[in-house]
Amino acid sequence: MSTATLTLKDEFPGLAGGWHYLDTAATAQKPQAVINATVNALGRDYATVHRGVYARSAEMTLAFEAARRRTAAFLGGAEEEIVFTRGATEAINLVAQTWGAQNLKAGDRILLSTLEHHSNIVPWQMLRERTGVAIDVCPLTEDGRIDLEAAERILTPAHKLVAFAHVSNVLGSVLDVRRAADLAHAVGAMLLVDGCQAAPRIALDMAALDCDFYVFSAHKLYGPTGVGALWARKAILDAMPPWHGGGSMIDRVTFEKTTYAPAPQRFEAGTPMIVEALGMAAAMDWLSGIGLGRAEQHERDLAARLREELGKRNDVTLFGPDDSVGIVSFALDGVHPHDLGTILDEEGVAIRAGHHCAQPLMDHLGVPATARASFGLYSDDSDIEALLKGIERTRRIFGQ
């Protein structure tokens, strides 16, 4: 195997000691730059935002709103189109419980796909229980992509929303978002895109993608947990009702009536995730400094190498397309993924084993679980070599 083009392990304290971390799709390790920014925000620079008249509060407010602008720039959107959330899951729930509850009713339809994460299934099922909206499921192509030809056949004017993953968290397959947007808009539907696995790997431009909602979580793009964002067109946010009630999201409160702040503040009740937002902005700075194009190519190359090596074995089943980006799911014959993950851990290799919050996809694949190796910018050939060595040891233990 050739040497990986990026060698960034030294920037990640969590990888000290030669740990082979192949679970980036679950959560990414944090570079020292993000750790420093988070520590400074929590310590030296800490104060609340939006309320204080003293200097440090004003400075932290400026930094917090600068993080919103940074997020907008990262997505190719506008500052007033960014709602800070606890992550993609909360962002999807926000859309379901505000826009969805306001605009969807019995007789309307939502189109999801077979490969969606539970966070892009369950909120819509909860909305179905509340409103009577129907849910349709778009099938996959043979190699594990959302079948947009099938989507075009399924979509009707009754469909008001399409909600698809940009990159599958199990298969690494990439959605043609612009085509999905064109198909949705052709029947008058909105398109929501789950960008959790795309944001750390693929350069984003909301205008070019032409979707209506885009969500992601910071912890998957080298930032802190507990923060993420919803991007939506300003006109859509302006028309959405508030979600949580409390401080910060109000204009004027009396016991008779409350009026609300404009979007996006309308959706950010209470003291926000100040430190986490600054850490997310630092992660975006760090990632952009390397380049999303380099990130995508680096992780595609590593995934291709691992697929090539695993493809040489007659005891491994690979899932997903050959050109998957950064994620490789597989099954080792006769070995449960949990057993494989446990033995690999003894070898200093961390993978994910389970249904990956995608049980309908597991049903489609005909397996209860898969083993999943997922790469980050710190990953290199040594991680692949350690994984392959661990698989060999597992095979010897199982005596096959």
Taking Ser217 for its side chain and Ala88 for its backbone only, find out whether a donor-acceptor pair lies under 3.5 Å. yes

Please answer whether the main-chain N or O of Gly320 pairs with a side-chain N or O of Arg307 as donor and acceptor at a distance below 3.5 Å. yes

With a 4.0 Å cut-off, would you call Arg395 and Asp315 a salt bridge? yes

Between Ser113 and Glu116, does any side-chain donor sit less than 3.5 Å from a side-chain acceptor? yes

Would you call Leu183 and Val162 a side-chain contact if the rule is heavy atoms closer than 4.5 Å? no

In one Ile/Leu/Val/Met/Phe/Trp/Tyr side-chain cluster, 4.5 Å: Leu191, Leu161: no

Using the rule given for side chain to side chain contact (heavy atoms under 4.5 Å, CB included), can you reason through His244 versus Met249, listing the C-alpha separation, both sets of side-chain angles and the distance that settles it, and then say yes or no? CA-CA 8 Å; His244 293 156; Met249 51 77 71; over 6 Å; no

Going hydrophobic residue to hydrophobic residue with side-chain gaps under 4.5 angstrom, can you get from Val167 over to Val215? no

For the pair Asp380 and Arg305, find out whether any cationic side-chain nitrogen is under 4.0 Å from an anionic carboxylate oxygen. no

Does any N or O in the side chain of Glu90 come within less than 3.5 Å of the main-chain N or O of Phe84, such that one atom is a donor and the other an acceptor? no

Strictly by modelled atom types, are His219 and Thr27 linked by a side-chain donor-acceptor pair under 3.5 Å? yes

Assess, by modelled atom type and distance only, whether the side chains of Gln32 and Asn36 contain a donor and an acceptor separated by less than 3.5 Å. yes

Do the side-chain N and O atoms of Ser288 and Arg70 include a donor-acceptor pair separated by under 3.5 angstrom? yes

Under 3.5 Å: donor-acceptor pair, side chain of His298, backbone of Arg294: no

Is there a side-chain contact between Ile202 and Leu292 (heavy atoms, below 4.5 Å)? no

Using the rule given for side chain to side chain contact (heavy atoms under 4.5 Å, CB included), can you reason through Phe375 versus Ile384, listing the C-alpha separation, both sets of side-chain angles and the distance that settles it, and then say yes or no? CA-CA 10 Å; Phe375 299 105; Ile384 296 178; 3.9 Å; yes

If the plane angle is over 60° it's perpendicular, under 30° parallel, otherwise tilted; pick one for Phe216 and Phe74. tilted

Check the hydrophobic clustering (I, L, V, M, F, W, Y; side-chain heavy atoms under 4.5 Å; chains of links allowed) and say if Met284 and Val83 are grouped together. no

Answer yes or no: is there a donor N or O on one side and an acceptor on the other, between the side chain of Gln197 and the main chain of Ala25, under 3.5 Å? yes

Knowing that exactly one of Asn40, Ile35, Val34 qualifies, which makes a side chain to side chain contact (heavy atoms under 4.5 Å, CB included) with Thr38? Val34

When you check the side-chain N and O atoms of Tyr378 and Thr24, is any donor under 3.5 Å from an acceptor? yes

Are any side-chain N or O atoms of Thr61 and backbone N or O atoms of Ser57, one a donor and one an acceptor, separated by less than 3.5 Å? yes

With a cut-off of 6.0 Å (strictly less than), are more than 12 heavy atoms of other residues, nucleotides or ligands near CZ of Arg86? no

Looking at Ala208, is its backbone amide N or carbonyl O close enough to the side chain of Arg178 to form a donor-acceptor pair, meaning the two atoms are under 3.5 Å apart? yes

Does Glu296 form a salt bridge (charged side-chain N to carboxylate O under 4.0 Å, His left out) with Arg300? I'd like the steps, not just the answer. CA-CA 6 Å; Glu296 179 178 358; Arg300 281 189 183 276; 3.0 Å; yes

Hey, quick one: are Met190 and Leu155 part of the same hydrophobic cluster, counting side-chain heavy atoms closer than 4.5 Å, chains of contacts allowed? no

Can you see whether Asn169 engages His117 through a side-chain donor-acceptor pair at a distance of less than 3.5 angstrom? no

In terms of side-chain geometry, is the basic nitrogen of Lys105 or Asp108 positioned less than 4.0 Å from the acidic oxygen of its partner? yes

Would you confirm whether Ser248, through its side chain, and Gln265, through its main-chain N or O, come within 3.5 Å as a donor-acceptor pair? no

Please confirm whether the ring centroid of His50 lies under 6.0 Å from the ring centroid of Phe64. yes

